[in-house]
Amino acid sequence: MTRYVINRIFLLIPIALGVTFIVFTIMNLTPSDPGRIMLGEMADREAVSQLNRELGFYDPFFVRYFNYVAGAVRLDFGVSFRSGRPVFEEIFLRFPNTLNLAFLAVICAAAVGIPLGILSAVKQYSHIDTVSRIISMLFAAAPVFFLGMMGIYIFSLRLQWLPAFGASTWEHFILPVITLSIPSAASLLRLTRSTMLETINQDYIRTARAKGASERRVIFRHALKNALLPIITILGMNFGFLLGGAILIENVFSIPGLGQLLVNSIRLMDIPQVMASTLFLALLFTLIILVVDLMYSFIDPRIKAKYSKIK
Amino acid sequence: MGTGEAHNKELVIDEEQTTVKRNGPMKEAWRRLRKSVTAMIGLGILAVFVFLAIFADVIADYETVVISMDGTRMLQRPSLEHLMGTDHLGRDIFARIVHGARVSLTIGLFVTGFAVLIGGFFGASTAYWGGLYDMIIMRICDILLSIPGVLLGLAIIAVLGPSLINLLIALVIANIPIYTRFIRSTVLTIVEQDFIEAARACGTSDLRIIYKHIITNVTGPIIVQATLSIAATILSAAGFSFLGMGIAPPHPEWGAMLADARGYLRTDPHFMIFPGIAIILTALSFNLVGDGLRDALDPRLKT
């Protein structure tokens, strides 16, 4: 088991290398001029090319890539062309906002989607089931930024209950978190419903009922425990999806987060900032998937048995 | 779905036996699809949007109506003359939604089509050959999939510049690893099944096995996955345009229209509501049809 965990953590290295290589290649396909970005339009041409030379910008592609990786190993990811500050300083300044947004949205989605999905499955074809299925189908098809705009219109502009823009107080996070979580909650509801239905129709559920277990016990002890596995996978995947959605939601609500930093850096061709932000998000995403995979073995004894056999 | 099942049970069984013999699997699936109310609603909505997209030029002229500005009729409320009102540059919102349908459907179909073709090639060939080739391609997929799709798309568009073609390229590239993985695993589950071994034992040639057994069994899941991912593609294309990284103004795109509407939330909510509804309905219709197809193509999964 420990060996498996260590192996999986070592697998992060090729992924990190691959991600940096792909993004580095993409970003270097366009003509850009870091010296110009740093010194501004008014700077004198000599100074710009001098700075470009210092940054190693005129070196061949593979030399630059090698230098980047060599720096990254020493945790030196360069400075932002735009602000001149170390890129990770910029990232950690904004990351809490994005993390709050995505993390709270995952919790909201799970808190709403999973119970409603179970209810919908247990009471299949009832009114609750029909209504929650229709609403979840509608919301699963809605773009987050449209939901965000609707939220601002209804709750900020019309009712004036909540602030619309910024991230200064916790009240600013209510609308963004809720709108970001709605499509995830909807798809989670649909998934929970279908996996629960699949489980409920299994033979061992009939056995549990036949031996006289209470309905509550059948649903929570027997059915839910088995249906939970695919639900947890999707929850983990959803986190990545929410990081993407957070880019849009940060834009709608003007929240200074990682997504906004990334979009702005891409627009300005701020290569070190884009590289570091992408690498950071990709590693975060991979780590979450890893944690989800490891959680499996705690939930599903079959998988645990498989790993211990390999060892 | 369950309607009328009780009183003509005999008839249904009889029909099933005859149709299975006379019709191919596609016709059988269509017969089952027709029974699903939700799938038919989805097909209905979809038909309306396809109709609008095809006859967009008849409904509203592109040059004179869709992209020409008119300062005298800015931000009008919906009326008989302008069914959905006008936007901040005096353009008819209905006309822009109709032409936007063309853009969104093209993106959805084109991206999914190419991603399925390219992903299908890699997926099927890795499943077939295996070995080092399989390992290399799958590791590349792992890496690409560990970058959230939006990021990869954004980076590609940043390099190529925002335009329709570049948006298509970015979305295709972001979707290829997903399909490679999906088709590889679908092919692998089929290849490992007993009836393939039986066919081999009977001396069926590789080519005939691929053509007769593998392709026929793989098409169903791929069609379902593709239909569902058209909806996701349309949503993410709208997202890119919303960020100003998709289709450039003045061309009509629903996400870009929503971005324009942001500045007029307080005074002119009609400006944002119609493009939003258009996106939701299109994505919804593909989801409904996809769900219906899944049930129709694989009755075992039906719950």
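Proteins get letters first, then strands, A, B, ... in listed order; numbering begins at 1 in each. These values consider heavy atoms only, across backbone and side chains, with no hydrogens, waters or symmetry-generated copies.
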By a 4.5 Å heavy-atom criterion (distance strictly below it), what part of Leu138(A) contacts chain B: side chain, backbone, both, or neither? both

Do Arg133(A) and Thr38(B) have side-chain heavy atoms sitting under 4.5 Å apart? no

Give the minimum heavy-atom separation between Ile279(B) and Pro143(A), together with the two atoms involved. CG2-CG, 3.6 Å

For Ala259(B), which atoms come within 4.5 Å of any heavy atom of chain A: side chain, backbone, both, or neither? neither

Please look at Val263(A) and chain B and tell me whether the side chain, the backbone, both or neither of the residue comes under 4.5 angstrom of a heavy atom of that chain. both

Between Val252(A) and chain B, with a heavy-atom cut-off of 4.5 Å, which part of the residue counts as in contact: side chain, backbone, both or neither? both

With a 6.0 Å cut-off (strictly less than), is the heavy-atom count around OH of Tyr133(B), excluding the residue itself, greater than 12? yes

Between atom CG of Leu147(A) and atom CD1 of Ile280(B), what is the distance when rounded to the nearest 0.5 Å? 6.5 Å

Nearest heavy-atom neighbours spanning Phe285(A) and Leu145(B): CE2-O, 3.3 Å

Could you tell me whether Phe49(B) atom CZ has more than 12 heavy atoms of other residues or ligands within 6.0 Å of it? yes

Pairs of heavy atoms under 4.5 Å with chain B: top-ranked of Phe139(A), Phe145(A), Tyr153(A): Phe145(A)

For Phe146(A) and Leu258(B), which heavy atoms make the closest approach, and how far apart are they? CD1-CD2, 3.7 Å

d(Leu262(A) CG, Leu243(B) CG) to nearest 0.5 Å is 10.0 Å

So which atom in Leu144(B) and which in Ile22(A) form the shortest heavy-atom distance, rounded to 0.1 Å? CD2-CD1, 3.7 Å

Is the closest side-chain heavy-atom distance between Leu248(A) and Phe242(B) below 4.5 Å? yes

Which region of Ala231(B), side chain (C-beta onward) or backbone (N, CA, C, O), has a non-hydrogen atom less than 4.5 Å from a non-hydrogen atom of chain A, or is it both or neither? neither

If we only count heavy atoms from C-beta on, is the Leu288(B) to Met137(A) side-chain gap below 4.5 Å? yes

Contacting region of Thr278(A) [heavy-atom separation from chain B under 4.5 Å]: both

Side chains of Arg262(B) and Asn251(A), donor plus acceptor under 3.5 Å: yes

